[in-house]
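This chain uses plain numbering: 1 for the first residue, then up along the sequence.
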Amino acid sequence: MTIEQNIDNCRFNGKIDSVVIENIEKSLGFNIPKNYRHFIENYGSGNINGFDFFGAYPNVDFENGAVLNILWRNLGDRKDYGLNPKLLLIGDALCGDYFCIDIENLNSPIYIWNVSLSNEETNNLEIIATDFDDLIEKIFNEKL
């Protein structure tokens, strides 16, 4: 199932210009994986079937706080919780857990990360979805 097939179960803030995303990538120090970048370009950020996903907002200062701001969230968690810079937090998986992508893995699998994990534990995260599209399908099929 895709977002488009379940749009009634989603709330988004709207399309984001690719220049904004490029600026976010420069600040993060890496390119956002293609399928997640597609999500940000087309939807910005928002809620998918009860799960919040980080992205961008039109006309927002990305260095400062906004709940679903991908840059603010990732830079803040790197500083505050020692988030490994190879991980990209993409969404709130509830109960203090977050969906993330290992940007060094070209296949872009999705993992669960928690602020309480040590760097050693971060190297052994379990894959919960093969990529962002697989994660969305699992969310809509309620298999998480």
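- For the residue pair S108 / D131, no side-chain donor-acceptor distance below 3.5 Å is found, with atom types taken as modelled.
- Using a 4.5 Å cut-off on side-chain heavy atoms (C-beta onward), L71 and L28 make contact.
- No donor-acceptor pair closer than 3.5 Å links the side chain of D134 to the backbone N or O of A129.
- Heavy-atom minimum distance, F54 versus N69: CB-C, 4.4 Å.
- Remark: I40 CD1 to N13 CG distance equals 10.5 Å, nearest 0.5 Å.
- Ring-plane geometry between F53 and F99 is classed as parallel, the angle between the planes falling under 30 degrees on a 0 to 90 degree scale with a further cut at 60.
- Side-chain contact check for L75 versus R78: some heavy-atom pair is nearer than 4.5 Å.
- E25 and I32 get closest at one heavy-atom pair: OE2-N, 2.8 Å.
- Contact record, G96 with N114: O-ND2, 3.0 Å, taken as the closest heavy-atom pair.
- In this structure, the side chains of L125 and C100 come closer than 4.5 Å at one or more pairs of heavy atoms.
- Heavy-atom minimum distance, I90 versus I110: CD1-CD1, 3.8 Å.
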Q: Could you please spell out the steps behind the side-chain contact (heavy atoms from CB on, under 4.5 Å) verdict for H38 and F132?
A: CA-CA 10 Å; H38 174 79; F132 182 67; over 6 Å; no

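- Between T2 atom OG1 and E4 atom CD the span is 4.5 Å, to the nearest 0.5 Å.
- Rounding to the nearest 0.5 angstrom, the gap separating the OG atom in S27 from the CG atom in N74 is 11.5 Å.
- At a threshold of 4.5 Å between non-hydrogen side-chain atoms, the residues Y111 and I127 count as touching.
- Side-chain atoms of D102 and L87, non-hydrogen and from C-beta on, do get closer than 4.5 Å to each other.
- Of the possible donor and acceptor atoms, none in the side chain of N47 sits under 3.5 Å from a partner among the backbone N and O of R11.
- With salt bridges taken as basic N to acidic carboxylate O contacts below 4.0 Å, none links E22 and K26.
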Would you check, one step at a time, whether the test side-chain contact (heavy atoms from CB on, under 4.5 Å) holds for N49 with N6? CA-CA 8 Å; N49 211 31; N6 291 282; over 6 Å; no

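- N107 contributes atom CG, which lies 10.5 Å from atom CG of N35 (distance to the nearest 0.5 angstrom).
- The distance from the CH2 atom of W72 to the CG atom of D77 is 8.0 Å, given to the nearest 0.5 Å.
- Y98 and D92 make their closest contact through CD2-CA, 3.9 Å (heavy atoms, listed as atom of the first residue, atom of the second, distance).
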Note to self: Apply side-chain contact (heavy atoms from CB on, under 4.5 Å) to residues I136 and F39 and explain how you reach the verdict.
What the structure shows: CA-CA 11 Å; I136 295 307; F39 166 77; over 6 Å; no

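- Contact record, A56 with I16: O-CD1, 3.5 Å, taken as the closest heavy-atom pair.
- Annotation: side chain of L135 is not in contact with side chain of F51 (no heavy-atom distance under 4.5 Å).
- I101 contributes atom CD1, which lies 5.5 Å from atom CG of L88 (distance to the nearest 0.5 angstrom).
- Residues satisfying the side chain to side chain donor-acceptor pair (under 3.5 Å) test with S18, not counting sequence neighbours, are none.
- Counting heavy atoms from C-beta outward, Q5 and F140 have side chains that stay 4.5 Å or more apart.
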Q. Does the side-chain contact (heavy atoms from CB on, under 4.5 Å) test come out yes or no for I3 and N42, once each step is laid out?
A. CA-CA 11 Å; I3 290 172; N42 289 286; over 6 Å; no

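- Remark: E126 CD is loosely packed, at most 12 non-hydrogen atoms of other residues, nucleotides or ligands lying under 6.0 Å away.
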